[in-house]
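These values consider heavy atoms only, across backbone and side chains, with no hydrogens, waters or symmetry-generated copies. Since the model is a prediction, treat every value here as computed from it, not as a measurement. Numbered from 1 within each chain, the chains take letters A, B, ... in sequence-line order.
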Amino acid sequence: MFDWPTFLESLPLMAQALVVTLQTSLVGLAFGFVIGIAVASMRLSPTPLLRRLGGAYIFVFRGVPLLVQLLFIYYLLPRIGLPNIPPIGAAIIGLALASGAYIAEIFRGGFLAIPHGQLEAANLLGLSPWQTLTRIKVPQAIRLTLPALVNEMILLIKASSLVSVVGLADLTRVAQNLAASNYLFLQTYLVLALFYCLINIPLAGLGSLLERRLGRSA
Amino acid sequence: MNDVTTPILTLRNVGKRFGTNQVLKGVDLDVQRSEVVCLIGPSGSGKSTLLRSMAFLEEYDEGEIHINGQLLGWQSISPRRRASRSRLNQVRSSLGMVFQQFNLWPHMSALGNVCEALVRVKGLTRSDAERKGRAMLDKVGLAEKADAFPAQLSGGQQQRVAIARALAMEPSLMLFDEPTSALDPELVGEVLQVMKQLAADGMTMVVVTHEMGFAAQVADTVAFLDGGHIVAKGAPRDIFHDTEHPRLQQFLQNYLDRNAFWQDLKETPA
């Protein structure tokens with residue numbers, strides 16, 4: 001049933017691909033967080049222009065499928081005179097832009113849940129808008145929205161399987177290549193599924209752990 | 001500017017409108033150094049709006065407010081142009097405020113709440129800030145609660161932390177916006193006690209309150225607001241005893257009726 005020698009032989013390649021998937025997803029997520037916080041702040045800004053720009057960002061990057069965004073970044077941007085981007089760069093940019101749109105909406109909810117009086121207190125004590133954002137709003141928004149944020153992280157890691165379309169040797173791409181040469185489709189894709197679980201199960205666990213630890217102080 | 005005869009806070013003809021609703025209609029008030037002024041009045045009379053205007057949490061749109069001789073919030077009065085953020089912060093740096101809902105930051109310990117602005121705004125080192133923060137918590141009787149988070153504290157304790165947080169910035173004027181209105185009756189006393197001590201130490205205070213006992217005991221001046229005006233102002237004795245003002249009399253009678261439940265019991269045979 002299960003071809004162990006072939007499986008063991010494929011392990012080094014899969015492990016390498018795991019690193020690529022992790023790197024791409026985590027760096028993409030990190031930038032996605034920054035974009036998300038920035039866009040959420042724009043959406044809640046008193047300035048109408050900023051609010052509209054934030055809204056437009058979410059409309060575009062939440063509305064267009066990630067696959068299409070990736071193709072756009074990798075194949076179309078160089079056509080209009082921008083420099084060629086390596087596959088990993090295109091993958092990270094794509095994941096960051098898309099996750100930024102989702103994270104922005106999560107953070108917007110988190111920001112709105114913070115009682116306004118806390119921000120008045122910060123303002124009166126002389127904290128700058130930047131200090132209020134980083135010291136008061138973001139730490140609380142993360143606590144308030146942790147389940148949704150972990151959910152988004154897991155979704156993004158799974159969605160990173162799409163980066164194989166720009167030729168990046170991530171888990172999905174490598175598994176496809178392996179299956180094409182060993183013809184063990186079922187086994188190879190089963191192993192692929194397990195690899196994704198290998199990332200996401202600990203991530204979910206980490207999320208619950210954080211929720212419990214932060215819950216004590218919030 | 002710090003001359004003892006100069007009021008620390010002056011309001012001249014201050015007006016504020018929300019849409020078509022004129023909430024403040026030309027309020028004049030002087031607060032001298034070390035004076036305790038209590039603002040009383042029915043809900044909707046504008047007392048909270050007036051207090052919030054003194055911190056520029058509401059942008060008053062008529063008249064002028066000066067703190068230590070400096071115009072609050074506006075760069076110029078006609079035409080009205082907002083002062084820059086740094087200018088506003090500079091004028092506001094001499095005032096501290098305590099809110100009805102405490103407004104502590106729930107993700108920081110009591111000490112963290114007190115130290116945050118000391119480190120970020122005053123530029124103290126972490127250890128200097130903590131030393132000062134602990135001293136402030138000690139002052140409000142909460143030295144042993146420094147590491148507790150707001151959710152682990154009672155309402156009265158949270159409000160005392162909020163007072164310590166404001167005091168740590170060394171304000172020369174403290175504003176209190178109904179500081180005991182969100183508290184269980186049993187916890188009101190400990191907060192009022194801290195405020196009495198502050199007054200005794202010579203802090204200048206403006207207090208919006210429904211605690212008439214506190215106003216009678218601690219205030220130098222009581223101002224009664226109704227319909228966006230200060231309609232009566234004077235020493236507690238003049239306001240609570242000798243007033244002829246019908247609206248104020250009615251307000252006080254309401255308060256007395258609410259707090260005289262035992263009188264009814266006495267008259268009812270058991």
Nearest non-hydrogen partners of Tyr60(B) and Lys16(B), listed with the distance
CA-CD, 4.1 Å
Flag side-chain contact, heavy atom, 4.5 Å: Leu124(A) against Leu57(B)
yes
Taking side chain as C-beta onward, heavy atoms only, is Val163(A) less than 4.5 Å from Leu95(A)?
yes
Residue part contacting chain B, namely of Gln131(A), when any heavy atom lies under 4.5 Å:
side chain
Portion of Leu104(B) that has a non-hydrogen atom of chain A nearer than 4.5 angstrom
backbone
In residues 60-82 of chain A, what donor-acceptor pairs under 3.5 Å come from side-chain atoms, sequence neighbours left out?
residue, atom, partner, partner atom, Å
Gln69(A), NE2, Phe61(A), O, 3.0
Gln69(A), NE2, Val64(A), O, 2.8

Heavy-atom distances under 4.5 Å only: say whether Arg52(B) touches chain A with side chain, backbone, both or neither.
side chain
Pick from Gln90(B), Met169(B), Arg165(B) with the largest number of heavy-atom pairs that fall under 4.5 Å of chain A:
Arg165(B)
